Colleague: 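I have a structure I would like to understand better, so I am pasting it below and will then ask my questions one at a time.
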2 protein chains.
Amino acid sequence: MQLWLDAVIMAVTADRPRVLTVLRGADGRPPAEALADSEREPAAPPLHGPLDALPFGPLDVAGDRTLEGGLRRHVRQQTGLELGYVEQLYTFGDALRDPAQADGGPRVVSAAYLALVREERPVAGDARWRDVYAFLPWEDHRVGRPSILDERIAPAATAWAAGAQGVGAPRPRDARGDAMAEHGERRERADIAFGFGTARWDDERVLARYELLYELALVAERARDDGAPAPPMDPPRAESLAEPGRGRKDDADAGRAMALDHRRILATALGRVRAKIKYRPLVFELVPPEFTLRTLQHTVEALAGMRLHTPNFRRLVDRGGLVEGTGHFEQATGGRPAERFRFRREVLRERRAPGVGLPTSGSARRPN
Amino acid sequence: MQLWLDAVIMAVTADRPRVLTVLRGADGRPPAEALADSEREPAAPPLHGPLDALPFGPLDVAGDRTLEGGLRRHVRQQTGLELGYVEQLYTFGDALRDPAQADGGPRVVSAAYLALVREERPVAGDARWRDVYAFLPWEDHRVGRPSILDERIAPAATAWAAGAQGVGAPRPRDARGDAMAEHGERRERADIAFGFGTARWDDERVLARYELLYELALVAERARDDGAPAPPMDPPRAESLAEPGRGRKDDADAGRAMALDHRRILATALGRVRAKIKYRPLVFELVPPEFTLRTLQHTVEALAGMRLHTPNFRRLVDRGGLVEGTGHFEQATGGRPAERFRFRREVLRERRAPGVGLPTSGSARRPN
DNA sequence: ACGACTAATACTCACATTGAGGTTAAGTGG
DNA sequence: CCACTTAACCTCAATGTGAGTATTAGTCGT
């Protein structure tokens with residue numbers, strides 16, 4: 001058995017959440033020629049070719065005293081980055097995660113970690129920063145609800161719910177109407193995950209959404225894992241990241257694929273960040289030591305994928321004791337100069353859950 | 001490398017949080033004679049002898065398709081229990097966790113899981129239910145702040161903070177006064193963990209408190225791991241559980257030890273439960289399908305280790321849509337009959353964080 | 001210099017939530 | 001039938017939250 005250590009390294013740059021990736025084959029193996037191939041034929045549908053992967057590597061049972069230490073080592077070696085804030089995310093151990101295992105390869109279990117940094121230098125090797133929402137485009141609601149939700153996902157979910165047979169373990173219920181119950185459960189699950197019907201969009205259910213899309217076969221990984229020839233969606237365009245992307249255009253597809261189950265891990269990480277930012281002062285790992293409230297708000301908004309009411313955000317963070325003014329002012333780019341603030345470490349003693357609470361009702365996105 | 005699967009199986013019975021344990025040596029090895037020994041000499045200080053351990057076992061890389069499946073299998077085999085609600089807790093991989101590893105044994109990583117059940121039959125083999133607060137007595141504040149906090153822990157913490165040298169990694173600060181800064185950090189850490197000084201008691205910081213007690217050498221595991229001869233505390237009394245325990249008497253010692261690092265895992269589990277109960281309807285895994293609001297409240301109080309304001313709890317849970325009346329009534333034991341309620345599953349669709357929120361300020365324990 | 005524009009900050013207000021207290025209702029046991 | 005016990009209900013003040021509006025202090029263009 002082998003233990004792999006996977007790193008989801010996130011930053012927020014220019015109001016976009018970013019993740020550090022390396023290039024790997026779909027099976028996770030590092031083909032030396034991967035980089036070169038990718039540069040030569042960027043238009044080839046990258047289903048099995050070089051894909052974005054999270055930095056990862058095996059635990060060195062002799063050398064690594066701690067799992068986190070081993071993770072830092074791998075990240076250092078693969079990307080040249082020295083991590084600061086790191087926390088454990090989840091340990092993935094399903095036998096079917098890795099196609100190679102089906103061929104009798106060794107059993108692999110992955111311990112995934114989340115790290116928050118500030119984006120720096122165009123890091124070493126084949127490491128590069130990617131927009132998180134290139135992989136999870138349905139998660140960004142800052143300029144409105146992405147059209148893919150109602151145009152492509154909703155119909156697919158409806159068909160999936162309607163097509164429910166009495167398959168799977170029937171619940172201990174009345175024998176009559178098992179299919180109906182199954183139908184209702186599927187409908188309910190989709191509604192809750194994506195905020196269809198009367199249900200509200202919950203920014204934290206990132207993993208539930210990805211898993212449902214996998215089940216609906218709307219993400220490329222599903223086709224790949226099934227060994228199917230073509231994905232039931234537009235192949236992710238190799239350089240959609242480079243284009244600024246006008247409005248909701250990028251939503252047309254179900255996001256860029258990643259190697260192995262790394263996109264699922266990324267979804268887990270985003271969900272964790274969105275949840276934890278509300279009760280722990282995580283944001284401050286992502287902004288410089290001194291920052292304007294605008295920067296802070298935009299950073300939170302980038303992660304949450306929704307916009308906030310500015311005066312309320314200020315009240316929360318300032319009156320709530322999370323930050324204090326420094327007396328220094330930003331030279332404005334076209335408006336009143338903003339004061340720079342710093343994190344008040346003392347808040348950890350005073351407040352129980354010192355986070356930047358997003359609207360609890362979930363509906364309180366800023367009218368836009 | 002070997003992956004172990006550890007199970008923290010919790011229940012709440014007679015208003016006491018319980019955990020399912022098996023008997024093992026301090027090194028985790030299952031001595032066949034452990035049970036017999038324990039029965040014969042219950043007074044022997046159980047530092048290396050048979051100790052309470054969490055049910056655990058290795059992942060079967062060939063047979064277990066999922067980690068959770070492997071866990072359920074081990075629990076079934078060792079305790080005869082079929083688990084319901086299960087979630088992953090944390091993966092522990094430090095090289096020094098297991099004394100055996102120091103002797104060149106194989107590297108062991110443990111994936112710990114939390115399961116919530118209703119306590120049943122006096123389960124199979126050497127499995128038995130134990131009070132959680134026998135291991136973590138400083139966590140139960142239902143009948144007041146445990147005296148051990150201010151009588152034994154506070155002085156030890158003060159000495160520890162005062163004795164801070166400039167050891168450890170000095171922070172990037174002014175060179176002058178590193179020892180002072182270190183002192184302040186230790187003081188701050190202890191204050192926040194235990195609610196000393198102006199800091200408030202935070203029920204969720206269970207792990208932080210256990211780790212600090214380990215550092216203060218107030219728990220027996222520390223002495224054991226150091227290879228020291230005697231623990232700097234009263235040896236845990238073997239049958240303190242059997243005694244009803246009058247008032248705060250049990251707080252005199254720093255709790256019963258467990259095998260390996262299982263007490264740390266238990267602390268992690270309790271912290272997780274306390275946090276999650278506030279935003280997920282976990283409690284309902286611990287009570288029968290129909291229950292009185294009194295039972296529900298006592299169950300929450302048992303886990304949180306603090307008492308709640310009854311009318312407010314009722315308002316939260318009833319008006320908040322978490323439960324609905326059944327029209328059935330409990331035959332009273334000496335008072336007005338209470339209606340039995342059931343969990344309203346629909347709440348998952350309606351509310352974003354359907355938990356039984358404890359007082360957010362933390363100070364709102366019921367005046368007692 | 002001045003007015004349009006932009007961004008930062010301040011103020012207001014209705015409403016929901018929360019912590020804490022008291023009051024009434026419906027049983028049991030002497 | 002009266003004392004006691006527990007359930008269920010109601011009230012109230014304080015605080016927090018969502019949302020809208022106003023003022024301040026700069027930049028930029030003419």
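Computed from a predicted model, the values in this text were never measured in an experiment. Excluded from the calculations below are hydrogen atoms, water molecules and symmetry mates; all remaining heavy atoms, backbone and side chain alike, are included. Convention: sequence-line order gives letters A, B, ...; per-chain numbering from 1.
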Colleague: Ignoring the backbone of A/R315, work out which of D/dA19, C/dA10, C/dT9 is nearest its side chain.
Modeller: D/dA19
Colleague: Does a salt bridge link B/E301 with B/R142, judged by any charged N lying under 4.0 Å from a carboxylate O?
Modeller: no
Colleague: What do you reckon, are the aromatic ring centroids of A/F284 and A/F291 less than 6.0 Å apart?
Modeller: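 Yes; A/F291 has its ring centre under 6.0 Å from that of A/F284.
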Colleague: So does A/R314 get a side-chain nitrogen or oxygen closer than 4.0 Å to the phosphate oxygens (OP1/OP2) of C/dA8?
Modeller: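 Checking C/dA8 against A/R314, no side-chain N or O comes under 4.0 Å of OP1 or OP2.
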Colleague: Determine, for B/W138 and B/R145, whether the Lys NZ or Arg CZ falls below 6.0 Å from the six-membered ring centre while staying within 45 degrees of the axis.
Modeller: no
Colleague: Return the polar atom pairs (N/O with N/O) between nucleotides 23-26 of chain C and the protein under 3.5 Å, or none.
Modeller:
residue, atom, partner, partner atom, Å
C/dA25, N3, B/R336, NH1, 3.2
C/dA26, O4', B/R336, NE, 3.4

Colleague: Report the C-alpha separation of A/R272 and A/E204 in whole Å, then their side-chain angles, then the decisive distance to 0.1 Å, and conclude whether the salt bridge (Lys or Arg N to Asp or Glu O under 4.0 Å) test is met.
Modeller: CA-CA 7 Å; A/R272 172 74 65 88; A/E204 294 179 21; over 6 Å; no
Colleague: Report the nucleotide, chosen from C/dT18, C/dT9, C/dG21, that has the shortest atom-to-atom distance to any side-chain atom of B/P311.
Modeller: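 Between C/dT18, C/dT9, C/dG21, the one nearest the side chain of B/P311 would be C/dG21.
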Colleague: Identify all pairs in which a protein N or O lies below 3.5 Å from an N or O of nucleotides 14-16 of chain C, and state each distance.
Modeller:
none

Colleague: Would you sort out whether A/E290 and A/H328 count as a side-chain hydrogen bond (donor to acceptor under 3.5 Å, both in side chains), showing the intermediate values?
Modeller: CA-CA 9 Å; A/E290 290 195 7; A/H328 311 151; 3.0 Å; yes
Colleague: Find the distance A/R319:CZ to C/dT9:C1' and express it as a whole number of Å.
Modeller: 10 Å
Colleague: Closest nucleotide of DNA chain D for B/F341 versus for B/N312: which of these residues is on the 5' side?
Modeller: B/F341
Colleague: Could you write out each protein N or O paired with an N or O of nucleotides 13-15 of chain D at a distance under 3.5 Å?
Modeller:
none

Colleague: Return the nearest nucleotide to the side chain of B/R294; candidates are C/dA20, D/dT17, D/dT6.
Modeller: D/dT6
Colleague: So does B/D318 reach the base of D/dA8 with its side chain, donor to acceptor, closer than 3.5 Å?
Modeller: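 Counting by modelled atom types and ignoring angles, no donor-acceptor contact under 3.5 Å is found here.
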